[in-house]
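Every chain is numbered from 1, with letters handed out A, B, ... down the list of sequences.
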Amino acid sequence: MTKFQQKVYGALKRIPRGRVTTYGLLAKEVGCGSARAVGQALKHNPDAPTVPCHRVIRSDLTLGGYSGSESGADIRRKVRLLKQEGVAFEGGRLANPKQLFRFGA
DNA sequence: ACATGTTCCTTAC
DNA sequence: GTAAGGAACATGT
């Protein structure tokens, strides 16, 4: 567990239910500025239920990836979880961009 | 829309 | 210590 991961997970847990964030915003929040580093931290997710990585999507409002795959049953589960929290996806994209959560906003 | 470059962190040799 | 990889973003063609 590195400090970077702690920061990423901390910020991730700060995301309220029914909202989602993007790799870019999350990266900016943790102070790295690089979404790829965040993706690495998320894919290493030591505690999946403690770290709602499914609440993190791409800046393109697409799902991006999940469990190391950009498509598959994992992605479907991700959408399902988000939908369960009130975040609907349409056409593989976030139906409501206003549900994007910005840190400090 | 597709291809290329950039940026930061983690892991492997 | 050096090299390669990754759930991305931005820019150019």
TODO: Tell me, please, which residues at least two apart from A:R77 pass salt bridge (charged side-chain N to carboxylate O under 4.0 Å, His left out).
DONE: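 Expected list: A:D74.
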Open item on the list: Under the rule for salt bridge (charged side-chain N to carboxylate O under 4.0 Å, His left out), what residues qualify as partners of A:R55, not counting sequence neighbours?
Closed with: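 Expected list: A:E85.
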Task: Partner residues of A:D60 under the side chain to side chain donor-acceptor pair (under 3.5 Å) criterion, sequence neighbours left out - done: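 Applying side chain to side chain donor-acceptor pair (under 3.5 Å) to A:D60 gives none.
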Task: Note, A:V51 side chain near A:V8 side chain (heavy atom, < 4.5 Å) - done: no
Return all side-chain donor-acceptor pairs below 3.5 angstrom for residues 91-98 of chain A, not counting sequence neighbours, or 'none' if the list is empty.
none

Open item on the list: Test of understanding: with side-chain contact (heavy atoms from CB on, under 4.5 Å), list the residues that count as partners of A:K43, not counting sequence neighbours.
Closed with: A:Q40
TODO: Look at the side chain of A:Y23 and the base of C:dA7, then say whether one donor and one acceptor between them are separated by less than 3.5 Å.
DONE: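 Such a pair is found, so the answer is yes.
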Heavy atoms within less than 4.0 Å of DNA chain B: which residues of [range] have one? Give them sorted by number.
range: residues 76-83 of chain A; answer: none
range: residues 25-37 of chain A; answer: A:C32, A:S34, A:R36, A:A37
range: residues 85-105 of chain A; answer: none

- [ ] Starting at the 5' end of DNA chain C, write a dot or bracket for each base, bracketing those in Watson-Crick or G-U wobble pairs whose two distances are under 3.5 Å and using | for partners on another strand.
- [x] ||||||.||||||
Open item on the list: I'd like the 5' and 3' limits of the part of DNA chain B contacted by chain A, with heavy-atom contacts below 4.0 Å.
Closed with: B:dT6 to B:dT11
Solution key, residues 18-35 of chain A side-chain donor-acceptor pairs under 3.5 Å, sequence neighbours excluded:
{"residue": "A:T21", "atom": "OG1", "partner": "A:F101", "partner atom": "O", "Å": "3.4"}
{"residue": "A:T22", "atom": "OG1", "partner": "A:L25", "partner atom": "N", "Å": "3.2"}
{"residue": "A:E29", "atom": "OE2", "partner": "A:R14", "partner atom": "NH2", "Å": "2.7"}

TODO: Using the test ring pair (Phe, Tyr, Trp, His ring centres under 6.0 Å), find all partners of A:F89 that sit at least two apart in sequence or belong to another chain.
DONE: none
